[in-house]
Structures are given as C-alpha cells and as structure tokens.
Amino acid sequence: MGSLSSLLWAFWYILPAYVANASPVLVGGGRPIDGGRTWKDGRRILGDGKTWRGFIGGVAIGTITGLVQYFITPDFYGDLGTAVLLAFLLSLGALLGDLIGSFFKRRANLPRGAPAIGLDQLGFLIAALALAYPVKTLDSGQIIFLLVVSPFVHWGANYFAYKMGWKSVPW
Ligand code: CTP
Ligand code: MG
Ligand code: K
C-alpha cells in the first residue's frame, strides 16, 4: 500500500467517529445527560451541551455511516458485521470521549461552549481509536496522521456549522 492511499484509508477508517462527533450539533437538544445535577465542586457534572438526544443520535448516525461505507468498500472491512461493529465502537468512543472532555472542562470551571484546545479536537479521536482497537486497527503512521490532521478537520467543521447558523460559536 502506497503512503498516500494509506493516509486516505486512515480518513475512511475514522469517518464514523467524525460523523458521530459532528452530528449532535444538528440532532442534539432536550434533556441533558447529567439531568442538571452538579458535582462535589458545585458545578454541573457535564453541562447542558451534553444531551441524550445528541449522544444517541450521534452514535446512531455514526453507525449508519459505517453501514454505507461497507457497501462502498466491502473488502476494507471483510464483512458487514465487522463494518457495523467498528463504526458503532468508533461512534460510541467519540461520544464518550466528548463527555469525558466536558467533565474535565466543568471541573476546570469552563462554561458550556468554552474552547479547550487539545481536549475538544483530540479527546473524541483518542477514545474512538481506543474503543475500536480490538476490532480493526491502524498502523502507527496512520494514527499520527489522524492526530495531526483531526484538529484542522474539527476546526473546519465547526467553522462551517457556525457559518450555517447551527452553532453560536465558530469552535
Ligand atoms: N450536543 C448534544 N449532545 C452531546 C454532544 C453535543 O446535544 N452529547 C450538542 C449541543 O447542542 C452542543 C453542541 O452539540 O452545544 C456542540 O457540541 P460540543 O461543542 O461538544 O458542546 P459544547 O456546547 O461546546 O459544550 P462543552 O463545553 O461541554 O464542550
Ligand atoms: Mg464546543
Ligand atoms: K466537544
């Protein structure tokens, strides 16, 4: 496999995590996962930006992404079950990583929507890679590539969502 195609495969592999992470902006809202409860420090556990609808919708849309990917490149996955399980784990990891990020942001007294450089762009990615690891893995060069480019993809996607009026801040 040439190096360019190896990097493109890395993008293809991680796509469900990107989709899962971006979807809640459109499908989220309603009851927050923490139910409005606070932590020992008196601040919200996760905050109003982390909702059940966003979490479940994001996992569902990310998993469907993997189903579609299977029909485009079946040989990359081997079988449908692997493709769907991989997409589910990437999506679940992305959304869990996002929750963990918000937990730490609230502990650092950052309000909902405040940027946390590094955590916002890479937390979801690292958790997605970790959960998907048992099913299908990338080589270390591909992982480094994703760690380097994902912040730019994240910023680009958020800027686009801001310009579209889906988000109130461009990060
Ligand atoms: N969202 C959601 N449920 C989730 C994740 C996100 O409903 N589990 C929606 C919320 O409307 C959120 C938006 O997607 O405001 C953007 O997500 P994100 O940037 O992760 O949340 P923030 O509002 O920045 O909150 P935090 O400071 O906790 O990161
Ligand atoms: Mg945010
Ligand atoms: K986030």
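Hydrogens, waters and symmetry mates play no part in the numbers below; they use all other heavy atoms, side chains included. Numbers for residues simply follow the sequence, beginning at 1. In listed order, ligands and their atoms are each counted from 1.
Taking the six-membered ring where the residue is Trp, Y18 and F11 present perpendicular rings, their angle passing 60° and hence far from 30°. Using a 30° and 60° split on the angle between ring planes, F55 and W52 fall in the perpendicular class, above 60°.
Interatomic distance, D34 CG to S102 OG, rounded to the nearest 0.5 Å: 9.5 Å. Rounding to the nearest 0.5 Å gives a distance of 10.5 Å between OG of S3 and CD of Q142.
Side-chain atoms of S91 come within 3.5 Å of backbone atoms of A87 as a donor-acceptor pair (strictly under, hydrogens ignored).
Residue R106 has at least one heavy-atom neighbour below 4.0 Å for each of these atoms of ligand 1: 26 (P), 27 (O), 28 (O). Here is the list of ligand 1 atoms found below 4.0 Å of a heavy atom in S102: 26 (P), 28 (O), 29 (O). Listed by number with element, the atoms of ligand 1 under 4.0 Å from a non-hydrogen atom of G29 are 7 (O). Using a 4.0 Å cut-off to heavy atoms of G28, the atoms of ligand 1 that qualify are 7 (O).
With sequence neighbours left out, the ring pair (Phe, Tyr, Trp, His ring centres under 6.0 Å) criterion links F104 to no other residue.
Among all non-hydrogen protein atoms, the one lying nearest atom 19 (O) of ligand 1 is K167 NZ, 3.6 Å. At the shortest separation from atom 9 (C) of ligand 1 among protein heavy atoms lies P24 O, 3.5 Å. Protein heavy atom closest to atom 29 (O) of ligand 1, with residue, atom name and distance, is K105 NZ, 2.8 Å. Looking only at protein heavy atoms, the nearest one to atom 25 (O) of ligand 1 is G113 N, 3.5 Å. In this structure, atom 15 (O) of ligand 1 lies nearest to the protein heavy atom R112 NH2, 2.8 Å. Protein heavy atom in closest approach to atom 21 (O) of ligand 1: K50 NZ, 3.3 Å. Scanning all protein heavy atoms for the shortest distance to atom 13 (C) of ligand 1 gives V25 CG2, 4.1 Å. In terms of protein heavy atoms, atom 1 (N) of ligand 1 is closest to G49 O, 3.0 Å.
Of all protein N/O/S atoms, those lying under 3.4 Å from the K ion (ligand 3) come to 1.
With side-chain heavy atoms closer than 4.5 Å counting as contact, directly or through intermediates, the hydrophobic cluster containing V169 also holds W171.
With a heavy-atom cut-off of 4.0 Å, D98 touches ligand 1 through its side chain alone. With a 4.0 Å cut-off on non-hydrogen atoms, R53 does not touch ligand 1 at all.
With contacts defined as side-chain heavy-atom distances shorter than 4.5 Å, the pair D79/T82 qualifies. Proximity of N21 to H154: side-chain heavy atoms (C-beta onward) are separated by under 4.5 Å at one or more points. In this structure the side chain of P170 never reaches within 4.5 angstrom of the side chain of N158, judged on heavy atoms. Side chains of R43 and T38 form no contact here, defined as non-hydrogen atoms less than 4.5 Å apart.
K167 forms no cation-pi arrangement with F160, by the criterion of a distance under 6.0 Å to the ring centre and an angle within 45° of the ring axis.
Sorted by first then second residue, the salt bridge (Lys or Arg N to Asp or Glu O under 4.0 Å) pairs that include residues 101-127, not counting sequence neighbours, are D41-R107, K105-D120.
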